[in-house]
Amino acid sequence: MEGMELTCFEIISNVGTAKSCYIEAIHKAKEGQYEEAKKLIAQGNECYAQGHKVHVEMIQKEASGDSLEMGLLLVHAEDQMMSAETFQVLADEFIDLCKMIHNNK
């Protein structure tokens, strides 16, 4: 595997790990483990940033005139990026809600 396939799988792997971290952070917050949730969010953000960096490099390459082949794998990588970004936003909101609920008990 090389070239575009490898690049796409690099994005998918990184942002998939990020999404898993965000989901696990929600679970930790539900258990009242807010420090652990915070660490998982930070870990997820780091993984997401790695995937995003690869994505930006692809955009820069295309902007400089190098045509990129568009295929289902790239569409999937982009979809996974958007999904992970959405989970990050939702995880932050859910953690805040868990804190509010735990503080009102």
Just checking Glu85: does its CD atom have more than 12 heavy atoms from other residues, nucleotides or ligands closer to it than 6.0 angstrom? no
Note: Ala29 and His102 closest approach over all heavy atoms is O-CE1, 3.3 Å
How about Ser67 and Glu62: do any of their side-chain heavy atoms sit closer than 4.5 Å? no
Would you compute the distance between atom CD of Glu35 and atom NZ of Lys28 and round it to the nearest 0.5 angstrom? 13.0 Å
Could you list the cluster mates of Leu68? Members are the ILVMFWY residues connected by side-chain heavy atoms closer than 4.5 Å, either directly or through other members. Met4, Ile11, Val15, Tyr22, Ile23, Tyr34, Ile41, Tyr48, Val54, Met58, Met70, Leu74, Val75, Met81, Phe87, Ile95
Let me confirm one number: the CD-SG distance from Glu69 to Cys8, rounded to the nearest 0.5 Å. 8.0 Å
List for me each residue that meets salt bridge (charged side-chain N to carboxylate O under 4.0 Å, His left out) alongside Lys53, sequence neighbours excluded, and say none if there are none. Glu57
Look up atom OG1 in Thr7 and atom CD1 in Ile12, then write down how far apart they are to the nearest 0.5 Å. 10.5 Å
Show your working on side-chain hydrogen bond (donor to acceptor under 3.5 Å, both in side chains) between Glu10 and Asn14 and close with a plain yes or no. CA-CA 6 Å; Glu10 190 173 353; Asn14 281 307; 4.6 Å; no
One should read off an interatomic distance between Ser20 OG and Gln43 CD, to the nearest 0.5 angstrom, of 10.0 Å
Find the distance between NZ (Lys19) and SG (Cys47) and round it off to the nearest 0.5 Å. 13.5 Å
Here the gap from His55 atom NE2 to Gln50 atom CD, rounded to the nearest 0.5 Å, amounts to 16.0 Å
Is there a donor-acceptor contact under 3.5 Å from the side chain of Thr17 to the main chain of Ser13? yes
